[in-house]
A.B. asks: 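One structure is given below, represented as structure tokens, and several questions about it will come after.
What you see is a predicted model; the values in this text were computed from it and never measured. All residue numbers refer to positions in the sequence shown, counting from 1. Read the numbers this way: they start at 1 and go in the same order the structure lists the ligands and their atoms.
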Amino acid sequence: MHIVMLAGECVPYAKVGGLADVLGSLPHELEALGYSVSLIIPRYRSIDLARFGFEPLVGFSSKTFDVHRAILPGSNAQVFLIGNDAFFGRRGIYTDPVTGWDFPDQADRWIFFQRSAMEFVAAVLPQVDILHCNDHQTGLVPAYHQRFYRGHSTLARTGTVFTIHNMGYQGVFPADTMARTGFNTAEFFPLSPFEFYGMLNFMKVGVVFSDAVTTVSETYALEIQQSAEFGYGLEGVVRSRMEPPIGILNGIDYATWNPANDPLLPARYSQDDLEGKRKNKQAVLREFGLDESRIDRPLLAMISRIDVQKGVDLLIGVLPGLLSQDVTFVMLGAGNKEIESQIETILSGYPRKAALKLGYDDRLAHLIEAGADIFLMPSKYEPCGLNQMYSMRYGTVPVVRATGGLSDTVQEFDPNTGRGTGFRFGPYDPLHFRNAINRALRYWGDPRSWRRIISNGMESDFSWARSARRYVELYESVRSRYEA
Ligand code: ADP
């Protein structure tokens with residue numbers, strides 16, 4: 001079976017969020033299960049072609065785009081980059097790094113990418129069994145397939161799967177965009193698959209036209225049908241599908257996220273010997289310029305896009321009270337400039353015990369996961385979330401809001417049974433968040449219980465292998481509908 005995955009980002013080439021990790025990890029597991037995988041993303045300016053062994057694809061030419069090919073490191077999966085410098089030869093992936101806003105020609109960039117990708121797939125790739133699209137940047141693909149490629153020999157028996165990684169970003173554009181998609185503009189009318197409150201919505205197109213819709217946790221699959229709070233206006237569309245969306249939790253990459261052999265850490269450690277964790281904690285305090293004598297105080301941490309989705313307003317709500325206690329806090333992240341400076345202002349009152357580093361830094365993210373005691377994730381909504389899983393694997397206890405994937409991966413510690421991997425709160429308010437942190441701090445002060453919580457987390461299975469089997473089951477069932 002041949003799976004073609006399309007997306008706007010993929011590790012190790014281009015990453016904004018968890019979507020890139022999925023694209024970079026899932027192919028390995030699918031291959032192990034006997035599937036062949038091709039990946040297609042844009043050729044961004046930031047991708048170092050030589051470093052990853054990308055070569056121009058010979059024997060294929062198009063007037064409007066070029067194609068480079070390489071092998072995904074550590075696998076046999078082929079990666080194809082669709083190139084066009086006018087659209088992708090600039091800095092930034094979805095947003096302009098100068099303004100922080102979406103590129104003004106965002107719709108045209110993704111229309112171009114999707115049409116080019118389909119042209120390339122039809123012209124070059126062998127029989128495709130599944131087109132697996134991800135988020136709104138590839139939401140039109142199932143419709144292009146349906147409208148223009150069903151008659152094409154290698155795409156005649158192809159099924160489409162659409163994965164929603166984040167319902168908060170739907171790709172909603174003015175109605176006149178429809179004319180530039182290549183679809184018949186007569187298909188744009190109130191309540192049609194293309195129309196959304198007078199606008200064109202790429203995510204809606206993906207949801208309506210795909211054979212199967214998945215999202216990245218079981219709880220989020222329910223939440224996006226329930227209310228506008230999670231569905232962002234598409235809850236009714238999702239609900240009206242014949243088959244509801246399927247939740248398949250993302251795995252984490254066990255090769256790159258393993259405290260026992262992580263090359264990005266000054267000290268490695270395992271569940272049986274946590275001494276290295278303490279050394280990493282020391283390194284965190286040093287790198288953040290904090291008082292290193294605080295090594296014996298609880299270190300709370302957060303690594304996150306600085307965005308309302310991530311619950312930063314709750315963080316701002318609890319920080320002053322929290323920092324009046326004898327705790328240490330570090331944060332790594334970047335995003336909304338206004339929120340960044342609000343956090344900075346609060347932390348500046350506690351220069352020896354709290355610090356924020358702005359920017360994206362993979363090495364430091366690993367170090368923080370290894371060195372922290374408690375990891376905070378008060379998300380407003382969280383389709384899956386990766387950091388809570390990295391935390392548990394690194395023996396760092398998560399405090400999370402019980403939503404989406406956080407709800408599916410973190411269990412509240414129960415001192416009676418000794419089970420549970422972290423601390424949770426439900427209502428979205430600072431008081432409940434603060435209470436959950438206080439519970440964590442209380443158990444931190446009880447080494448036996450704390451040790452138990454750490455072990456429970458480190459023993460949990462968040463590998464991709466389990467999730468990949470579920471994708472395979474879905475691919476098989478979708479594919480069987482088109483069997484000759
Ligand atoms: P989202 O995709 O919504 O941003 P996830 O938790 O699913 O959230 O994935 C975020 C990924 O990005 C994780 O791998 C996380 O470690 C990483 N990350 C986020 N912000 C930073 C940062 N400032 N520096 C390094 N890594 C970061």
Side-chain angles (χ1 to χ4, degrees), residues 7-12 14-26 93-95 97 100 134-137 163-169 215-217 219-220 230 232 247-259 262 264-265 284 287-288 301-312 315 330-337 339-340 343-344 355-372 375-394 396 398-401 403-410 462 464 467:
E9 51 185 296
C10 174
V11 160
K15 170 165 165 169
V16 176
L19 166 60
D21 295 304
V22 177
L23 268 282
S25 302
L26 187 53
I93 291 183
Y94 305 126
T95 53
N134 295 276
D135 275 352
H136 77 80
Q137 294 84 5
T163 299
I164 298 167
H165 297 261
N166 193 331
M167 202 52 138
Y169 303 87
T215 184
V216 290
S217 68
T219 297
Y220 195 59
F230 298 103
Y232 284 84
I248 305 178
L249 201 66
N250 291 335
I252 58 173
D253 184 345
Y254 269 28
T256 33
W257 291 93
N258 180 358
D262 187 336
L264 299 174
L265 302 182
V284 173
E287 287 211 20
F288 277 85
M302 190 158 166
I303 304 167
S304 177
R305 286 186 291 115
I306 296 184
D307 182 281
V308 283
Q309 181 204 329
K310 297 298 182 179
V312 280
L315 178 75
V330 297
M331 177 164 188
L332 169 65
N336 184 306
K337 305 267 176 272
I339 309 175
E340 284 176 0
I343 298 172
E344 265 177 335
L356 164 68
K357 270 202 203 277
L358 291 175
Y360 192 92
D361 185 337
D362 194 42
R363 181 198 60 83
L364 190 55
H366 281 246
L367 179 63
I368 294 169
E369 286 291 7
F375 194 90
L376 306 181
M377 236 166 142
S379 306
K380 201 174 207 103
Y381 70 95
E382 194 61 77
C384 175
L386 295 171
N387 274 312
Q388 81 281 14
M389 294 191 267
Y390 298 150
S391 296
M392 289 182 269
R393 184 140 167 86
Y394 278 61
T396 299
V399 174
V400 304
R401 174 144 185 268
T403 181
L406 297 175
S407 187
D408 295 351
T409 52
V410 178
F462 300 116
W464 263 109
S467 314

A.B. asks: Considering only non-hydrogen protein atoms, determine which one is nearest to atom 4 (O) of ligand 1 and report residue, atom name and distance to 0.1 Å.
C.D. replies: Arg305 NE, 2.8 Å
A.B. asks: For a quick check under 3.5 Å, do Tyr94 and Glu9 share a side-chain donor-acceptor pair by atom type?
C.D. replies: yes
A.B. asks: Do Glu369 and Thr396 have a side chain donor and acceptor closer than 3.5 Å?
C.D. replies: no
A.B. asks: Calculate, to the nearest 0.5 Å, the distance between atoms CG and CG belonging to Leu19 and Asn250 respectively.
C.D. replies: 9.0 Å
A.B. asks: Centre-to-centre under 6.0 Å for Tyr254 and Trp464, is that the case here?
C.D. replies: no
A.B. asks: Considering only non-hydrogen protein atoms, determine which one is nearest to atom 2 (O) of ligand 1 and report residue, atom name and distance to 0.1 Å.
C.D. replies: Gly18 N, 2.6 Å
A.B. asks: Please classify the Leu364 to ligand 1 contact at 4.0 Å (heavy-atom distances, strictly less than): side chain, backbone, both or neither.
C.D. replies: neither
A.B. asks: If you count the atoms of ligand 1 from 1 in the order shown, which ones are under 4.0 Å from a heavy atom of Gly17?
C.D. replies: 2 (O)
A.B. asks: So does Lys357 pair up with Glu287, basic N to acidic O under 4.0 Å?
C.D. replies: no
A.B. asks: Identify which one of Leu376, Leu358, Leu315, Ile303 satisfies the side-chain contact (heavy atoms from CB on, under 4.5 Å) criterion when paired with Met331.
C.D. replies: Leu315
A.B. asks: Are Gln309 and Tyr381 packed together at the side-chain level, in the sense that at least one heavy-atom pair is separated by less than 4.5 angstrom?
C.D. replies: yes
A.B. asks: Any chance you could measure Ile164, atom CD1, to Asn134, atom CG, to the nearest 0.5 Å?
C.D. replies: 10.5 Å
A.B. asks: Mind checking whether Cys384 has a heavy atom under 4.0 Å from ligand 1?
C.D. replies: no
A.B. asks: Just jot down the ligand 1 atoms closer than 4.0 angstrom to any heavy atom of Ala365, in number order.
C.D. replies: 25 (C), 26 (N)
A.B. asks: Please compare His366, Lys15, Lys310 and report which has the shortest non-hydrogen distance to atom 14 (O) of ligand 1.
C.D. replies: Lys15
A.B. asks: Can you tell me which residue and heavy atom of the protein come closest to atom 6 (O) of ligand 1, and the distance to 0.1 Å?
C.D. replies: Leu386 N, 2.9 Å
A.B. asks: For ligand 1, which atoms have a heavy atom of Gly359 less than 4.0 angstrom away?
C.D. replies: 22 (C), 23 (N)
A.B. asks: Counting heavy atoms only, which of Tyr360, Tyr169, Tyr381, Tyr390 comes nearest to atom 27 (C) of ligand 1?
C.D. replies: Tyr360
A.B. asks: Please state which protein non-hydrogen atom is closest to atom 24 (N) of ligand 1 and give its distance, to 0.1 Å?
C.D. replies: Asp361 N, 3.0 Å
A.B. asks: I need the atoms of ligand 1 closer than 4.0 Å to a non-hydrogen atom of Gly333, numbered in the order shown.
C.D. replies: 23 (N)
A.B. asks: Rounded at 0.5 Å granularity, tell me how far CD1 in Ile368 sits from OH in Tyr390.
C.D. replies: 14.0 Å
A.B. asks: Short list, please: which atoms of ligand 1 are under 4.0 Å from a heavy atom of Asn387?
C.D. replies: 6 (O), 13 (C), 15 (C), 16 (O)
A.B. asks: Hey, is Asp21 touching ligand 1 through its side chain, its backbone, both or neither, going by heavy atoms under 4.0 Å?
C.D. replies: side chain
